Undergrad: 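Provided herewith is a single structure, encoded as structure tokens, for subsequent inquiry.
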2 protein chains.
Amino acid sequence: MTSTEKTSTEKTSTERTPLRPTRQRTAVVEAMASFDDFRSAQDIHDLLGRGATPVGLATVYRTLNALVEAGEVDMLRTEDGEAIYRRCSETHHHHLVCRSCGATIEVEGPAVERWTRSIAAEHGYADVSHTLEIFGTCRRCS
Amino acid sequence: MTSTEKTSTEKTSTERTPLRPTRQRTAVVEAMASFDDFRSAQDIHDLLGRGATPVGLATVYRTLNALVEAGEVDMLRTEDGEAIYRRCSETHHHHLVCRSCGATIEVEGPAVERWTRSIAAEHGYADVSHTLEIFGTCRRCS
DNA sequence: CGATCAATTGAGAATCGTTGTCAAAGTGGT
DNA sequence: ACCACTTTGACAACGATTCTCAATTGATCG
Ligand SMILES: [Zn+2]
Ligand SMILES: [Zn+2]
Ligand SMILES: [Zn+2]
Ligand SMILES: [Zn+2]
């Protein structure tokens, strides 16, 4: 605690996680790059288990959460509350997900973004965020 | 309401779900009518526990699920995956929820409805549904 | 009413996704 | 090599939800 300050040019308010590129973290990142749909932490753990670099389940969760925090991965919840993850573009977007095969398309809707902000403002709600997902059956699954 | 449309082709009265109006079921329904924000099953169970008609936790869950199924109650998930419930109007709508006190306002957005449908159609996704919630800090909590 | 029988209830056990614990191993800087 | 700090992972702990199943309730019919 005494000399946690490194050089003078350091963090101000938000304590940034160093996030060292360890073997298991890169393994998770690579795993995330190897598929295109949303998958559970368990799934990803299994995927790694079969590969050449097994990673402990707890570490998978930790890394996934860090990636979500960093905005490199999107997380959403299935109807029954399970968290599922997907590597996504860093800009704000939403998802069109096939209810059957999981095929996912990123979508953007400036009008919706505008609408949510105005609705919130209209009712005096500040610090606004939102969640929006679209589900359907993709062409191949129909 | 979120989720899928239900087929209206039902049998007359022989099979199907009887759904008897028991003491505990009406207790849950009344409890749901007594507040205006989203609450967890546990909260509702506690609420009933303090009242004159305690209802078992399992029954609270069962009844809540039935009500959600019937479209009389909306369920959504907190960031950490917990299910929370609220008695809502039966027409399709979304929610503006205070992240701090839970104060909820039902909102409608025909434009958004149209947009989700067109996006889905554009990509060949059929049988479309969607989820959309807006979170913020209400005036009193700011 | 009183029997009958399926629906319902609830206490506790069982599930299961997720997070916490903590000793051991790894990393970077000196 | 030495040290201080991360990171890891096996496993325990947790919490929300569901399951089990014996006991209770409620509707129906004679
Ligand atoms: Zn995404
Ligand atoms: Zn958006
Ligand atoms: Zn609602
Ligand atoms: Zn809608």
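Since this is a predicted model, take the numbers as computed values, not measurements. FYI, side chains are in, hydrogens and waters are out, and symmetry mates aren't considered; it's all heavy atoms of this structure. First the proteins, then the strands, lettered A, B, ... as listed; each starts at 1.
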Undergrad: Atom NE2 of B/His45 to atom C1' of D/dT18: distance rounded to whole Å?
TA: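 It is 15 Å, rounded to the nearest whole Å.
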
Undergrad: Please list all pairs meeting side chain to side chain donor-acceptor pair (under 3.5 Å) that have one or both residues in residues 44-57 of chain B, counting only residues at least two apart or in different chains.
TA: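 Passing the test, one end in residues 44-57 of chain B: no pairs.
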
Undergrad: Please state how far atom CG in A/Asp43 lies from atom C1' in C/dT18, giving the value in whole angstrom units.
TA: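 Atom-to-atom, A/Asp43 to C/dT18, this comes out as 15 Å.
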
Undergrad: Judged by each residue's nearest nucleotide on DNA chain D, which is more toward the 5′ side, A/Thr22 or B/Ala83?
TA: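 Result: A/Thr22.
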
Undergrad: For DNA chain D, which residues in residues 30-40 of chain A have a heavy atom at a distance below 4.0 Å?
TA: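 Within this stretch, nothing sits under 4.0 Å of the strand.
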
Undergrad: Within the structure, does a side-chain N or O atom of B/Arg25 lie under 4.0 Å from either OP1 or OP2 of C/dT8?
TA: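 Checking B/Arg25 against C/dT8: at least one side-chain N or O falls below 4.0 Å of OP1 or OP2.
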
Undergrad: Does B/Ser89 offer a backbone N or O that forms a donor-acceptor pair with the side chain of B/Glu106 under 3.5 Å?
TA: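 Such a contact is found between B/Glu106 side chain and B/Ser89 backbone.
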
Undergrad: Looking only at heavy atoms, what is the nearest atom pair of A/Ala31 and A/Ile44, with distance?
TA: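 Answer, listing the atom of A/Ala31 first, then A/Ile44: CB-CG2, 4.4 Å.
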
Undergrad: Checking A/Ser40 now: which residues fulfil side chain to side chain contact (heavy atoms under 4.5 Å, CB included) with it, not counting sequence neighbours?
TA: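 Result, side chain to side chain contact (heavy atoms under 4.5 Å, CB included) vs A/Ser40: A/Gln42, A/Asp43, A/Glu82, A/Ile84.
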
Undergrad: Distance check needed: D/dT20 C1' versus B/Leu57 CG, whole Å only.
TA: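 Rounded to whole Å, this separation is 15 Å.
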
Undergrad: For A/Arg77 and D/dA16, give me the distance from atom CZ to atom P, rounded to whole Å.
TA: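 Rounded to the whole Å, the gap is 13 Å.
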
Undergrad: Which whole-number value in Å describes the distance from A/Asp80 CG to D/dT18 C1'?
TA: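 My rounded result for the distance is 12 Å.
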
Undergrad: Mind checking what makes ring-ring contact (aromatic ring centres under 6.0 Å, His included) contact with A/Phe38, not counting sequence neighbours?
TA: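 Here the qualifying residues are A/His95.
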
Undergrad: With A/Ser100, which residues qualify under side chain to side chain contact (heavy atoms under 4.5 Å, CB included), at least two apart?
TA: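 Residues passing side chain to side chain contact (heavy atoms under 4.5 Å, CB included) with A/Ser100: A/Cys98, A/Cys141.
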
Undergrad: Can you see whether A/His92 engages A/Glu113 through a side-chain donor-acceptor pair at a distance of less than 3.5 angstrom?
TA: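 Their side chains do contain a donor-acceptor pair, which is all the 3.5 Å distance test asks for.
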
Undergrad: How long is the line joining CD1 of A/Ile84 and P of C/dT18, in whole Å?
TA: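 Checked: the CD1 to P distance equals 10 Å.
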
Undergrad: Sequence neighbours left out, what pairs pass salt bridge (Lys or Arg N to Asp or Glu O under 4.0 Å) with at least one residue falling in residues 129-142 of chain A?
TA: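 Not a single pair qualifies under salt bridge (Lys or Arg N to Asp or Glu O under 4.0 Å).
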
Undergrad: List the residues meeting side chain to side chain contact (heavy atoms under 4.5 Å, CB included) with B/Thr116, not counting sequence neighbours, and say none if there are none.
TA: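 B/Thr116 satisfies side chain to side chain contact (heavy atoms under 4.5 Å, CB included) with A/Ile134, B/Val112, B/His130 once adjacent residues are dropped.
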
Undergrad: So how far off straight is the helix from C/dC1-D/dG30 to C/dT30-D/dA1, going by the axes through five pairs at either end, to 10°?
TA: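 Computed from the C1' atoms at both ends, the axes differ by 30°.
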
Undergrad: By side chain to side chain contact (heavy atoms under 4.5 Å, CB included), which residues pair with A/Asp127, not counting sequence neighbours?
TA: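 Only B/Arg99, B/Thr137 meet the side chain to side chain contact (heavy atoms under 4.5 Å, CB included) criterion with A/Asp127.
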
Undergrad: Between A/Ala41 and B/Gln24, name the one whose nearest nucleotide on DNA chain C is closer to the 5' end.
TA: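 In this pair, the answer is B/Gln24.
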
Undergrad: Looking at residues 60-71 of chain A, who's got a heavy atom less than 4.0 Å off DNA chain C?
TA: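 Listed by number, they are A/Tyr61, A/Arg62, A/Asn65.
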
Undergrad: Among pairs that include at least one residue of residues 22-42 of chain B, which meet salt bridge (Lys or Arg N to Asp or Glu O under 4.0 Å), considering only residues two or more places apart or in two chains?
TA: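 Qualifying pairs, neighbours excluded: B/Asp36-B/Arg86, B/Asp37-B/Arg39.
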
Undergrad: Kindly say if A/Arg23 contacts the phosphate of D/dT6, meaning a side-chain N or O under 4.0 Å from OP1 or OP2.
TA: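 Indeed not, no polar side-chain atom of A/Arg23 lies that close.
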
Undergrad: Using salt bridge (charged side-chain N to carboxylate O under 4.0 Å, His left out) as the criterion, list what pairs up with B/Arg62, not counting sequence neighbours.
TA: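 Testing B/Arg62 for salt bridge (charged side-chain N to carboxylate O under 4.0 Å, His left out), a comparison that skips the adjacent residues, returns none.
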
Undergrad: Rounded to the Å, how far apart are A/Glu82 CD and C/dT15 P?
TA: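 That distance rounds to 17 Å.
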
Undergrad: If I take atom CZ in residue B/Arg20 and atom C1' in nucleotide C/dT9, what distance separates them, rounded to the nearest angstrom?
TA: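 It is 11 Å, rounded to the nearest whole Å.
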
